[in-house]
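Each residue takes its place number in the sequence, starting with 1. Only this structure's heavy atoms are used, side chains among them; waters, hydrogens and symmetry mates stay out.
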Amino acid sequence: MPFPTRRLRAVLLATSSAALVAAVLPAPEPLGIGDRLFPELGNPGYDVLAYDIALTYHGDNTEPLDAVTRIRARTTAPVDRINLDFARGTVRGVEVDGRPADFGSKNEDLVVQPPHRLPAGVPVDITVRHTSDPSGSGDDGGWVRTADGLVMANQADAAHRVFPSNDHPSDKAYFTFRVTVPGKLTAVAGGLPAGRTRHGAATTWTYRTEHPMATELAQVSIGGSAVAHRTGPHGLPVRDVVPAADREKLEPWLKKTPAQLEWMEKQVGRYPFEAYGVLVADSPIGFALETQTLSLFGKSFFTEPAYPQWYVESVMIHELAHQWFGNSVSPASWSDLWLNEGHASWYEARYAEEKGGGTLERRMREAYRLSDRWRAAGGPPARPDGPAPGQKLSLFRPVVYDGSALVLYALRQEIGEAAFDRLERTWVRAHRDATAATADFTRLASRLSGRDLTAFFEGWLYGKKTPPMPGHPDWSSEKPA
């Protein structure tokens, strides 16, 4: 709603002096941190430290959930207004530091008027009472309806379609989820269980993360689910969440996760989070998603007989690899997406090679053949074109998958396997639980290889045409159509 809000209108009727104050309040305006691909995403002036999100699901996945989102933040600059990213819900009230606050909305921003100006460097607690509406779910993300409930798919910019937030991966925070559902249903979220309380016919399930998380990686699953527990490397809790009726059918795939964790740890070091597992949704989604500690897959991915075993396992590795590349080390901006998807595709390809899915070299040669076409259609890996209007997921093009894995292949060819392996391990260790940019990666590669790789990366990451492949002068890339 535009300013003045309902509460301000009441004040307007009460006193002329208050009317003068209220009348000069500017209308709410969307802000943003200036991300090149999502200019209005994220908000300046504060850093979120933690979210505490309470959701009440009433048993119908077409009806709004009742919700309370509590945000603990610290201001990074003097703040007269607090902008939060939020859409697809009704805001019923807002408090700042325990005091009622006026609010309005513009585009996909919820704009909050604190009771007084906040100086830089102070803590601030924001409470938003709202609904979370799954009825508009679709290709733009947010809630995804399943056969018996809901799951989240928030990448790239859809978390704010579920809860108010600073919806940009550069502002990671700790999360607590409190999900109340009818007693026959199960709620699971990212992190570890932190309690379960029955009250009447409903149950509240609580989960907390032990590591900071980007909003796009949040996950809550509600449904008639079975939760299977097993143990991974170093005693790591592994829990899989699947439709209860499909528990036995899916077990041959689920039991592969501990060995896959061991495989990834041999490549890049110890798993970075408190738990892991696979979330299988009874929904016709055509994608998998690396939500933190609980990767999302559609059920058909495991039940479609046309998919060879090596392919299914390699995609499981793709989402697992993201826990290091994209989740633990998150992109500083969405232009750094190649660091997420390129690495996940790289380890997917290497695992597929071991499982009979074709050699890494053959896959990279094919990627090289198509690379100039991909760059023409979607931009170079580290400067991708923006998503098509109204199609945010169109950002996820071939150039950021195998086109970016190709950059890593070229880098390994250029600096050698030993230096490349040091780079991979050092990267995830140095930036664990943080965000990092392409420039951080290129600097580290130069330092660890003992060479100035500026020219190499300029061509491979930003060039319109794919550079020659080191060690393979015979490889050629087809001209764009």
Aromatic plane relationship, H472 with W475 - under 30° parallel, 30 to 60° tilted, over 60° perpendicular: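 Answer is parallel, since the angle falls under 30°.
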
Aromatic plane relationship, Y347 with F325 - under 30° parallel, 30 to 60° tilted, over 60° perpendicular: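 It falls in the parallel class, under 30°.
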
CG on L217 to OG1 on T209, rounded to 0.5 Å: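 Spacing of OG1 (T209) from CG (L217) equals 11.0 Å.
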
Value rounded to 0.5 Å, distance of OG1 in T176 from CG in D52: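 Here the rounded value is 5.0 Å.
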
With sequence neighbours excluded, residues passing salt bridge (charged side-chain N to carboxylate O under 4.0 Å, His left out) with K464: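 K464 satisfies salt bridge (charged side-chain N to carboxylate O under 4.0 Å, His left out) with no other residue.
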
Listed partners of E108 passing salt bridge (charged side-chain N to carboxylate O under 4.0 Å, His left out), at least two apart: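 Salt bridge (charged side-chain N to carboxylate O under 4.0 Å, His left out) list for E108, sorted by chain: R161.
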
Between the side chain of [X] and the main-chain N/O of [Y], is any donor-acceptor distance below 3.5 Å?
X: D85; Y: D167; result: yes
X: H431; Y: W427; result: no
X: D171; Y: V48; result: yes
X: D35; Y: W334; result: yes
X: S221; Y: V151; result: no
X: T206; Y: A194; result: no
X: R375; Y: G463; result: yes
X: S345; Y: A405; result: no
X: T291; Y: A218; result: no
X: T426; Y: L423; result: no

Give every residue pair that meets the salt bridge (charged side-chain N to carboxylate O under 4.0 Å, His left out) criterion with at least one member in [range], sequence neighbours excluded.
range: residues 231-256; result: R230-D240, R230-E251, D246-K249, D246-K299, R247-E251, K256-E313
range: residues 204-214; result: none
range: residues 39-51; result: none
range: residues 331-354; result: E348-R363

Aromatic contact, F86 with H160 (centres under 6.0 Å):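 Ring centroids of F86 and H160 are no less than 6.0 Å from each other.
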
Ring-ring centroid check F175 Y51, cutoff 6.0 Å: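 For F175 and Y51, the ring centres are under 6.0 Å apart.
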
Side chain to side chain contact (heavy atoms under 4.5 Å, CB included), paired with L41, selected from I33, L31, T215, D157: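 Of the listed options, the one satisfying the test is D157.
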
Non-neighbouring partners of T435 that pass side-chain contact (heavy atoms from CB on, under 4.5 Å), sequence neighbours left out: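 If we apply the side-chain contact (heavy atoms from CB on, under 4.5 Å) test to T435, skipping adjacent residues, the hits are K172, S330.
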
Counterpart residues, side-chain contact (heavy atoms from CB on, under 4.5 Å), relative to E304 (two or more places apart):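 Only A306, Y307 meet the side-chain contact (heavy atoms from CB on, under 4.5 Å) criterion with E304.
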
Ion pair check, D385 and R36, cut-off under 4.0 Å: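 R36 and D385: not salt-bridged.
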
Ionic contact status for K465 with D372, cut-off 4.0 Å: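 Judged by the 4.0 Å cut-off on N to carboxylate O distance, D372 and K465 do form a salt bridge.
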
State which residues pass side-chain hydrogen bond (donor to acceptor under 3.5 Å, both in side chains) with [X]; sequence neighbours excluded, sorted by chain then number.
X: H234; answer: E265
X: T454; answer: D452
X: N61; answer: none
X: R383; answer: none

Neighbour count above 12 (heavy atom, 6.0 Å) for R196 CZ: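 No, because the 6.0 Å sphere around CZ of R196 holds 12 heavy atoms or fewer from other groups.
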
Does the side chain of [Y] come within less than 4.5 Å of [X]'s, by heavy atoms?
X: W460; Y: T466; result: yes
X: Y351; Y: M316; result: no
X: I71; Y: D125; result: no

ring-ring contact (aromatic ring centres under 6.0 Å, His included) partner of W338, chosen from F441, F457, Y401: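 Testing each of F441, F457, Y401 against W338, the sole residue satisfying ring-ring contact (aromatic ring centres under 6.0 Å, His included) is F441.
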
